[in-house]
Number of protein chains: 2
Amino acid sequence: MTTRLAAPARARLVRGRSGERRPAYDPDSLLDVAVTVFNERGYDGTSMEQLARMAGISKSSIYHHVAGKEALLRVALDRALDALFAVCEEPGSTTGPAIDRLRYVIHRSIEVLDQELPYVTLLLRVRGNTPTELAALERRRAFDRFVAKLVARAAEDGDLRAELDPALATRLIFGMINSIAEWYHPGGELSVKELADGVVNLVLGESHQPG
Amino acid sequence: MTTRLAAPARARLVRGRSGERRPAYDPDSLLDVAVTVFNERGYDGTSMEQLARMAGISKSSIYHHVAGKEALLRVALDRALDALFAVCEEPGSTTGPAIDRLRYVIHRSIEVLDQELPYVTLLLRVRGNTPTELAALERRRAFDRFVAKLVARAAEDGDLRAELDPALATRLIFGMINSIAEWYHPGGELSVKELADGVVNLVLGESHQPG
DNA sequence: GTCTATAAATTGATAGAC
DNA sequence: GTCTATCAATTTATAGAC
């Protein structure tokens with residue numbers, strides 16, 4: 001399945017809603033294209049030439065919008081990481097019993113996956129080949145540590161069904177959550193709520209999220 | 001963590017156990033090196049030059065052993081897929097109640113992950129950029145279908161704890177299993193048995209594998 | 001079975017016109 | 001903001017000596 005992106009028309013002048021002409025490409029729409037192609041072919045497997053073809057502009061035009069290929073990657077990865085860390089700041093993640101916080105973070109993480117799927121998918125595939133990728137991996141590890149603490153506290157409270165080492169449980173649970181990016185399609189038959197409830201049900205033995 | 005592989009000595013003549021001289025490189029040991037580097041930097045992110053440096057031989061020497069970069073990938077992916085399909089043929093996967101077969105396949109899949117970790121890891125990261133990769137993805141889907149049938153039958157028998165759609169359960173469970181490749185180290189503190197029991201415990205609600 | 005040298009194509013990125 | 005033309009470096013792969 002090769003996604004066909006912007007027809008050349010998209011790169012040309014477009015009529016705005018009041019009829020004015022405006023440039024078709026801002027950095028954001030270019031980012032959308034780039035992330036889609038990166039996810040399809042892998043970051044290293046994508047050339048600027050391919051990127052340009054999919055965006056419907058020439059290779060050199062891309063450099064008018066962004067500093068280079070790695071800058072595109074950095075912005076994309078930060079978008080995913082910012083969304084994940086925002087969840088950690090929400091009241092549901094910082095107040096109440098650890099097991100409830102954990103359920104909340106699992107639910108919200110899956111919602112972030114739904115809302116920012118291409119960006120999170122890209123993040124999950126980063127290997128650490130460049131400074132940009134290493135920085136992203138370090139931020140991702142910080143998120144993992146936040147969740148691991150919740151799991152450990154829920155285990156101390158005796159609220160985890162499975163008798164599992166908390167660190168192992170964290171890895172397995174978030175391994176499951178992250179794997180969703182490989183097949184989930186937002187807006188499809190399976191709703192985010194069904195999906196999140198299913199995961200919580202499977203790993204924590206509860207059917208519904210309170211609230 | 002940049003793995004340091006073969007010292008140059010490895011590429012030179014080596015004394016066999018009876019003192020005879022023999023060439024240091026056969027296709028198999030080259031494959032081991034290649035798969036390690038592919039997993040570290042990604043297949044597309046690895047050049048033949050880097051491969052040669054890690055193997056301790058020159059770039060052109062590699063072409064004496066294999067047809068090219070993609071041939072190395074194909075052999076590696078087949079090794080992982082052959083190991084997974086072998087599990088499907090084992091008696092534990094083909095006889096008895098579906099829930100027992102499922103438990104068996106989960107256990108054995110994790111054992112394959114342990115025994116063939118670099119090869120399975122590489123398989124799990126394939127994106128479909130080349131004919132070789134597409135063929136591997138198709139074989140992988142065939143394995144998924146085999147497991148999905150077991151989950152569906154176990155659900156029909158009423159033997160699945162979670163009230164989940166079988167296809168969804170399959171994806172979540174094997175998403176969890178596959179994610180193990182991202183952090184697991186064979187021969188470390190966590191044994192394969194503990195790991196497999198932990199996964200089965202978490203998703204099927206059982207602590208031990210019979211047998 | 002290894003090497004050096006090199007081919008042929010592709011890569012990320014820049015210069016400068018419109 | 002887009003383009004063509006181009007660069008320097010890198011990439012996969014081959015030729016041919018030892």
Side-chain angles (χ1 to χ4, degrees), chain A residues 5-16 20-34 37-38 41-76 129-133, chain B residues 5-16 20-34 37-38 41-76 129-133:
Chain A
L5 283 167
R10 186 170 175 190
R12 301 294 178 179
L13 292 184
V14 182
R15 296 281 173 189
E20 85 288 2
R21 303 179 119 203
R22 61 171 180 78
Y25 263 106
D26 52 275
D28 268 15
S29 60
L30 178 61
L31 185 65
D32 283 347
V33 173
V37 184
F38 287 165
R41 308 191 46 83
Y43 173 73
D44 286 309
T46 303
S47 72
M48 294 298 271
E49 176 62 41
Q50 292 170 320
L51 215 53
R53 206 180 312 128
M54 296 303 272
I57 58 180
S58 76
K59 202 167 52 159
S60 66
S61 291
I62 292 179
Y63 290 92
H64 178 82
H65 300 286
V66 293
K69 190 181 170 184
E70 198 170 348
L72 275 170
L73 180 65
R74 182 167 36 73
V75 175
N129 286 353
T130 64
T132 296
E133 298 182 52
Chain B
L5 284 168
R10 186 168 177 193
R12 302 296 180 178
L13 292 184
V14 183
R15 295 280 172 190
E20 85 289 3
R21 300 178 121 203
R22 61 170 180 80
Y25 263 105
D26 53 277
D28 268 16
S29 60
L30 177 62
L31 185 65
D32 282 347
V33 172
V37 184
F38 287 164
R41 309 192 45 85
Y43 173 74
D44 287 309
T46 303
S47 72
M48 294 297 271
E49 175 61 42
Q50 292 171 321
L51 215 54
R53 206 181 310 124
M54 297 303 273
I57 58 179
S58 77
K59 205 169 42 161
S60 65
S61 291
I62 293 181
Y63 289 92
H64 179 81
H65 299 285
V66 292
K69 192 180 169 184
E70 199 171 346
L72 275 170
L73 181 65
R74 181 167 37 75
V75 175
N129 286 353
T130 62
T132 296
E133 297 182 51

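It should be emphasised that the depicted structure is a prediction, and the values quoted were computed from it without experimental measurement. These numbers come from the heavy atoms of this one structure, side chains and all, not from hydrogens, waters or symmetry mates. Letters A, B, ... mirror the listed sequences (proteins, then strands); counts begin at 1.
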Quiz prompt | Option from A:Asn129, A:Thr132, A:Leu73 for which side chain to side chain contact (heavy atoms under 4.5 Å, CB included) with A:Tyr43 holds | solution = A:Leu73

Quiz item: Which heavy atom in A:Glu49 sits nearest to a heavy atom in A:Lys59, and how many Å separate them?
Solution: N-CD, 3.7 Å

Quiz prompt | Closest approach of A:Leu51 to A:Ala34 (non-hydrogen atoms, all atoms of both residues) | solution = CD1-CA, 3.7 Å

Quiz prompt | Per-nucleotide protein contact string for nucleotides 4-18 of chain C, where B marks a base within reach and S marks sugar-phosphate only (heavy atoms under 4.0 Å, - for neither) | solution = B------SBBBB---

Quiz item: Would you say a side-chain N or O of B:His64 is under 4.0 Å from OP1 or OP2 of C:dG1?
Solution: yes

Quiz item: Phosphate oxygens OP1/OP2 of D:dT2: is one of them under 4.0 Å from a side-chain N or O of A:His65?
Solution: yes

Quiz item: Heavy atoms, side chains only, cut-off 4.5 Å: are B:Val66 and B:Ile62 in contact?
Solution: yes

Quiz item: Heavy atoms, side chains only, cut-off 4.5 Å: are B:Leu72 and B:Lys69 in contact?
Solution: no

Quiz item: Within this structure, what is the CD1-to-P distance between B:Ile62 and D:dT11, rounded to whole angstrom?
Solution: 13 Å

